[in-house]
Every structure is written in structure tokens, then in C-alpha cells.
*Asks:* 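Sharing a structure, written as C-alpha cells. Questions coming.
Numbers restart at 1 for each chain; the letters A, B, ... are given by sequence-line order, proteins then strands. Small disclaimer: the values here were computed from a predicted structure and weren't measured.
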Amino acid sequence: MNEELTPGSAEYVAELIARLRATYPDAHCELDYETPVQLLVAVILSAQCTDARVNLTTPALFARYPTVEALAGADPTEMEELVRPTGFYRQKARYIREAAARLLAEYGGELPSEMDALLTLSGVARKSANVVRGEVFGLADGVTVDTHVKRLAMRLGLTTETDPVKVERDLMAIIPRESWIEIAHLLVWHGRRLCFARKPACSVCPLNDICPRVGVVSSQ
DNA sequence: ATCCCGAGGG
DNA sequence: CCCTCTGGAT
């Protein structure tokens, strides 16, 4: 552990972002989509599911329901079968139909950009709203906190909280606003490629000399 | 706090 | 078998 850098300090955060950016210069959202509404659907499906699996299911789903009207009017059972591989398939199919219906009823079939409006959609809470706002509108009034961001923020000493809302508050306090969108992409990519939940590859990690965890709990 | 729920890895 | 995967609603 490099003693010159205190986790949570501005210098630490700057070094963290610089290293991750150098390691993952192409970090971005890995969900496949063509339209804002398709991204919303993909994000709803991504709950507790890998992006890879979502991307295997969405082509047939989007082909079957090419419009917001089609999504809203889908036969429940048929849609459930199409989204089944992503898990929680009955809930997710219902969220998609209800969200699509609300987009039609309240927003002219378009995706609203306001956080409050997005949060009224079925199956959409802060994590999903942050993803959609960042991807579609380039806006960030928060940091996307998913399972990867939460795990890495804890390991890197950026928070001691476990509640995603509190983790987000801590990250917003120590990360410059202009990096809010990027930091989530970087942490997710790092979590998926090296800083695994179970057996992180610390020996080859570009952060291993500034990570509080390395040398503390070798098995994690 | 609990439920929703499938798929892959160790 | 248990844990994890870009959570959210009740």
C-alpha cells in the first residue's frame, strides 16, 4: 500500500481515475441497443444478470416489439418467454410493459430526461435512471452504483457503507462531477475483468499498490 | 426484510 | 451446494 495516497483524498481519486482510464481507455456501457427506449428495456433486464446474457435476449425481443406501442401491448406470456433467460422474467416483462405504457401515456412515447420522471417508470430506480441519463442524455446528477461499483468502492476505501444510496452519496462527495459518468464505467469494467467478487486478480491489478485490500485479506 | 428467478462458476 | 451476475418493488 502506497502510504503517500490516502483513500478518499482528492489525490487518491485522481490517481485512481488516471490508472483506470489508462487501463480501460474504451470503457463504456456494454448493453446493445439502437434507441433510448431499447436502452431502457435493456437496463430493466440487466438487474441481477450479466450484460452478455441481456445482449443475447434483446435482439429477438426488439424484433418482436419494434415500437413503444408494441412493447406496451405485448402479450404477457409471450414477452415472459422472450425475457426468461435474464431471470426474474415475470417481473421484468411486467415492468417493461408498464414502463412502455407510461411512456405512451405521459411522455408521448419518448424517454424523458428528468431524473424524477424516469423514477416513476416501473422497474426503474436510481441505478437504472443514472445509466439511462448518462448514456442517452450525457447527464449525471448521481453516480451509477451497481454491484460492481459498490464492491470496488468498498475495497478501495472510498466508502464504508453497504446501502447503494449511501455509497452513491459518498462517491459524489469525493469524485469530481465531471467524472461521475466515467467512474462508473471504469469501476464496472475493472470489476468484470480483474476485481472479481470471488477471487480478484490482485497480483496483476494495476491498482494493487494503492489498494487498501491488497495484503490485508489475500483471499478476497 | 423478503421476494422475484435463471444461468454459470467454483 | 453456494455465490454471483450493472436491482427493484412490496
Side-chain angles (χ1 to χ4, degrees), chain A residues 20 24 26-33 36 38-58 60-61 76-77 79-102 115-136 140 142-156 158-159 161-169 171-172 175 179-202 217-220:
Chain A
L20 289 174
Y24 311 110
D26 191 39
H28 62 275
C29 174
E30 296 189 84
L31 292 171
D32 296 336
Y33 65 95
Q38 287 185 351
L39 174 63
L40 178 74
V41 171
V43 169
I44 289 173
L45 293 178
S46 74
Q48 296 292 290
C49 178
T50 60
D51 283 2
R53 185 158 300 284
V54 172
N55 290 337
L56 287 175
T57 64
T58 45
L61 184 70
T77 302
M79 178 176 272
E80 285 171 8
E81 289 311 308
L82 285 168
V83 305
R84 176 188 277 270
T86 68
F88 303 147
Y89 61 95
R90 283 189 285 266
Q91 306 256 19
K92 287 177 179 176
R94 182 166 58 81
Y95 293 156
I96 291 168
R97 293 194 310 277
E98 290 179 356
R102 184 167 184 82
M115 173 67 80
D116 290 345
L118 289 168
L119 291 178
T120 68
L121 300 174
S122 308
V124 178
R126 276 200 72 85
K127 178 256 168 180
S128 297
N130 275 328
V131 169
V132 168
R133 275 173 61 79
E135 283 295 304
V136 176
V143 177
T144 302
V145 176
D146 57 42
T147 183
H148 292 302
V149 173
K150 184 174 90 168
R151 183 179 71 253
L152 270 64
M154 292 190 68
R155 286 179 175 173
L156 291 166
L158 304 181
T159 184
E161 302 288 348
T162 56
D163 173 19
V165 174
K166 294 179 179 174
V167 173
E168 181 179 4
R169 174 173 48 73
L171 293 180
M172 289 167 71
I175 294 168
S179 297
W180 283 359
I181 293 176
E182 182 183 23
I183 190 69
H185 287 149
L186 291 171
L187 291 177
V188 169
W189 273 53
H190 189 51
R192 293 184 51 180
R193 287 160 180 78
L194 288 179
C195 196
F196 309 117
R198 293 201 185 166
K199 213 177 151 191
C202 301
V217 183
S218 60
S219 64
Q220 301 182 4

*Asks:* Taking atom P of C:dC5 as reference, at what distance in whole Å does atom CD of A:Q48 sit?
*Replies:*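 The distance from CD of A:Q48 to P of C:dC5 comes to 8 Å, rounded to the nearest Å.
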*Asks:* Looking at A:E135 and A:Y33, what are the two nearest heavy atoms and their distance?
*Replies:* OE1-OH, 3.2 Å
*Asks:* Could you pull out the closest heavy-atom pair between A:C29 and A:H185, with the gap in Å?
*Replies:*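 So the two residues come closest at N-NE2, 3.6 Å.
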*Asks:* Separation of A:E98 atom CD from C:dG8 atom P, in whole Å?
*Replies:* 15 Å
*Asks:* Let me spell it out: for each of A:S122 and A:G191, pick the nucleotide of DNA chain C with the closest heavy atom. Which residue's pick is nearer the 5' end?
*Replies:* A:G191
*Asks:* Answer with base, sugar-phosphate or nothing: what part of the nucleic acid does A:R151 contact at a heavy-atom distance below 4.0 Å?
*Replies:* sugar-phosphate
*Asks:* Check the distance between C:dC5's C1' and A:W189's CH2 and give it to me in whole angstrom.
*Replies:*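 Distance, rounded to whole Å: 17 Å.
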*Asks:* Which whole-number value in Å describes the distance from A:R97 CZ to C:dA9 P?
*Replies:* 15 Å
*Asks:* Check the distance between B:dG9's C1' and A:R192's CZ and give it to me in whole angstrom.
*Replies:*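 Those two atoms, CZ and C1', are 15 Å apart.
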*Asks:* Heavy atoms only, 4.0 Å cut-off, all strands: where does A:T86 land among base, sugar-phosphate and nothing?
*Replies:* nothing
*Asks:* Across the strands shown, which category fits A:V145 at heavy-atom distances under 4.0 angstrom: base, sugar-phosphate, nothing?
*Replies:*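 No contact at all - A:V145 keeps every heavy atom at 4.0 Å or more from the nucleic acid.
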*Asks:* Just by modelled atom types, is the A:A125 backbone N or O under 3.5 Å from a matching donor or acceptor in the A:S128 side chain?
*Replies:* no
*Asks:* Quick one: label A:L121 by what it contacts on the DNA or RNA (base, sugar-phosphate, nothing), any heavy atom closer than 4.0 Å.
*Replies:* sugar-phosphate
*Asks:* Strictly distance-based, threshold 3.5 Å: is any side-chain N or O of A:K92 a donor or acceptor partner for the main-chain N or O of A:L45?
*Replies:*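 Yes, A:K92 side chain to A:L45 backbone: donor-acceptor pair under 3.5 Å.
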*Asks:* Which nucleotide in the set C:dG8, B:dA7, B:dG6 lies at the smallest distance from any side-chain heavy atom of A:R84?
*Replies:* B:dG6
*Asks:* Please find the pair of heavy atoms, one from A:S46 and one from A:V54, that lie closest to each other, and give the distance.
*Replies:* CA-CG2, 3.7 Å
*Asks:* OP1 or OP2 of C:dG8 versus the side-chain N and O atoms of A:S128: is any pair under 4.0 Å?
*Replies:*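 It does, given that an N or O in the side chain of A:S128 lies less than 4.0 Å from OP1 or OP2 of C:dG8.
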*Asks:* Using whole Å, what does the distance between atom C1' of nucleotide B:dA7 and atom OH of A:Y89 come to?
*Replies:* 14 Å
*Asks:* Among C:dG7, C:dT4, B:dC5, which nucleotide has an atom closest to any side-chain atom of A:T147?
*Replies:* C:dG7
*Asks:* Nearest whole Å is fine: how far is B:dC5 P from A:E80 CD?
*Replies:* 8 Å
*Asks:* In this structure, how many angstroms lie between the P atom of C:dG7 and the CD1 atom of A:I44, rounded?
*Replies:* 14 Å
*Asks:* Taking for each residue the nucleotide of DNA chain C with the nearest heavy atom, is it A:L31 or A:L119 whose nucleotide lies nearer the 5' end?
*Replies:*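 The 5'-side residue here is A:L31.
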*Asks:* Please answer whether B:dC5 and A:F88 are stacked, defined here as ring centres separated by less than 5.5 Å and planes angled under 30°.
*Replies:*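 By the stated criterion, A:F88 and B:dC5 do not stack.
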